[in-house]
Amino acid sequence: MITTRFAPSPTGCLHLGHAYAARVAHDLARQNGGRFLVRFEDIDHTRVRPEFYEGILEDLRWLGLTWDDEPWRQLDRLDHYQMALDRLKMLGVIYPCYCTRKEIEIELANLAHAPHGPEGPLYPGTCRSLTNPPRDREPAWRLNLDMAAGLVGELTFKDQRHGRIGVDPGLLGDVILARKDIGTSYHLAVVVDDAAQQITHVTRGEDLLGSTHIHRVLQTLLDLPEPAYFHHQLILDESGQRLAKRHDALSIETLRKRGEDVWNLLP
Ligand code: GLU
Ligand code: ZN
């Protein structure tokens, strides 16, 4: 059976872009007699506000989208992410990183050829072979991509719009899998939860296409099933900017108060 999910962060209200993303996942499930789940990606705990959990569900209800089961919260699942991290530790594919943001900036500025990815500069690998870790700081944990790529071999994923895509494990560099403050990261949590919720089709905006390369590597290292992907178009404002939480005028709440037909405003 097809299972999809909508995974908003309760750091703001839903806007038109979220409505589109939710509908894509919802319709794919419903048109195939499948299940549609909601998952709150709330590990960015300093930006989360409690009222947004219910606010988001209320927006979804008003949009006429129904979901199955109680929505999950990632903050309830930290022990599961820890188990996955421990497994990666045992495989020897992660390493502690003690760098501050500032130190990484300085390191990058000093490099003649700073590594670059689609989302900007990549971590330069400073802590990959640390022999004397500082004792006064908690580390973050990063994926050692060379090591990981060697273990997983050639990988692909299937995207409904783009077809089969070969995985480029190095695309985002040695990404953080566990932040020092929360012990996990978007990449680790999403991979663990998509498997735990038996998501068969991951639908999300095409801005996350790059992340899927890393997710396939993690799924393989952790022995998790490979879902199908659909990276849908992003909804842009009149000036071609992608919608963000600052676009109050296009929040679902505002549109609801104005009595607008949201689906009419979307492709
Ligand atoms: N929380 C992400 C977003 O709102 C979704 C991530 C995902 O679907 O994998 O864009
Ligand atoms: Zn470091």
Side-chain angles (χ1 to χ4, degrees), residues 2-31 34 36-44 47-48 52 55-57 59-60 63 65 67 71-72 74 117-120 156-165 167-168 171-172 175 185-194 197 199-219 226-253 255 262-267:
I2 282 193
T3 305
T4 65
R5 87 294 196 279
F6 173 55
S9 294
T11 54
C13 293
L14 297 190
H15 56 60
L16 263 186
H18 295 114
Y20 183 70
R23 195 192 69 198
V24 165
H26 174 274
D27 289 1
L28 179 62
R30 296 296 182 231
Q31 282 160 11
F36 170 63
L37 307 178
V38 174
R39 176 163 79 224
F40 287 111
E41 297 204 326
D42 54 0
I43 55 176
D44 214 353
R47 293 172 51 225
V48 164
F52 289 133
I56 286 172
L57 296 180
D59 284 343
L60 289 176
L63 287 167
L65 303 179
W67 58 94
W72 281 20
Q74 291 190 322
E119 291 161 22
T156 60
F157 59 92
K158 188 156 184 295
D159 179 80
Q160 233 174 80
R161 271 167 88 202
H162 305 281
R164 256 254 168 237
I165 296 180
V167 166
D168 173 3
L171 197 62
L172 301 185
V175 289
S185 70
Y186 162 64
H187 297 300
L188 185 64
V190 77
V191 158
V192 168
D193 285 350
D194 282 339
Q197 293 190 293
I199 304 300
T200 58
H201 291 67
V202 171
T203 68
R204 58 187 175 206
E206 62 190 357
D207 54 327
L208 289 168
L209 193 55
S211 296
T212 300
H213 292 253
I214 286 296
H215 298 175
R216 287 291 300 122
V217 171
L218 293 175
Q219 284 157 359
E226 172 188 352
Y229 287 92
F230 174 38
H231 294 93
H232 58 73
Q233 67 180 105
L234 295 174
I235 305 303
L236 306 174
D237 69 10
E238 325 68 63
S239 62
Q241 297 266 33
R242 63 171 295 202
L243 296 186
K245 306 229 151 109
R246 66 198 141 75
H247 282 81
D248 274 349
L250 298 176
S251 81
I252 299 305
E253 201 183 347
L255 296 168
V262 170
W263 303 131
N264 251 337
L265 303 170
L266 286 169

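Not measured: the values here are computed from a predicted model.
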Check: Is the side chain of Asp159 donor-acceptor paired with the backbone N or O of Gly163 at a distance under 3.5 Å, no angle test?
Finding: no
Notebook entry, point to check: Is the gap between the ring centers of His213 and Phe157 under 6.0 Å?
Noted result: yes
Next item on the list: Determine whether Arg47 and Pro10 make a side-chain contact, defined as any pair of heavy atoms from C-beta on separated by less than 4.5 Å.
Entry: no
Next item on the list: State, without any angle test, whether Gln197 and Arg39 hold a side-chain donor-acceptor pair at a distance under 3.5 Å.
Entry: yes
Next item on the list: Report the distance from atom CG of Leu209 to atom NE2 of His162, rounding to the nearest 0.5 Å.
Entry: 5.5 Å
Checklist line | Centroid-centroid under 6.0 Å between His215 and Tyr186 rings | finding: yes
Note to self: Can you tell me how far apart OH (Tyr20) and CD (Gln233) are? Round to the nearest 0.5 Å.
What the structure shows: 4.0 Å
Check: If you round to the nearest 0.5 Å, how far is CD1 of Ile252 from CG of Asp59?
Finding: 6.0 Å
Notebook entry, point to check: Can you find a pair of side-chain heavy atoms, one from Trp67 and one from Leu57, that are under 4.5 Å apart?
Noted result: yes
Note to self: If the test is side-chain hydrogen bond (donor to acceptor under 3.5 Å, both in side chains), which one of His231, His232, Glu206 qualifies with Arg161?
What the structure shows: Glu206
Margin query: Check whether Arg23 reaches the backbone of Asp27 with its side chain - one donor and one acceptor, N or O, closer than 3.5 Å.
Written below: no
Next item on the list: Calculate, to the nearest 0.5 Å, the distance between atoms CD1 and CG belonging to Ile2 and Leu28 respectively.
Entry: 5.0 Å
Next item on the list: Output yes when a side-chain donor or acceptor of His18 lies under 3.5 Å from a complementary backbone atom of His15, and no otherwise.
Entry: yes
Next item on the list: Quick one: pull up OG1 in Thr4 and CZ in Phe230 and give me the separation to the nearest 0.5 Å.
Entry: 12.0 Å
Next item on the list: Measure the spacing between CG of Asp168 and OG1 of Thr212 and express it to the nearest 0.5 Å.
Entry: 12.5 Å
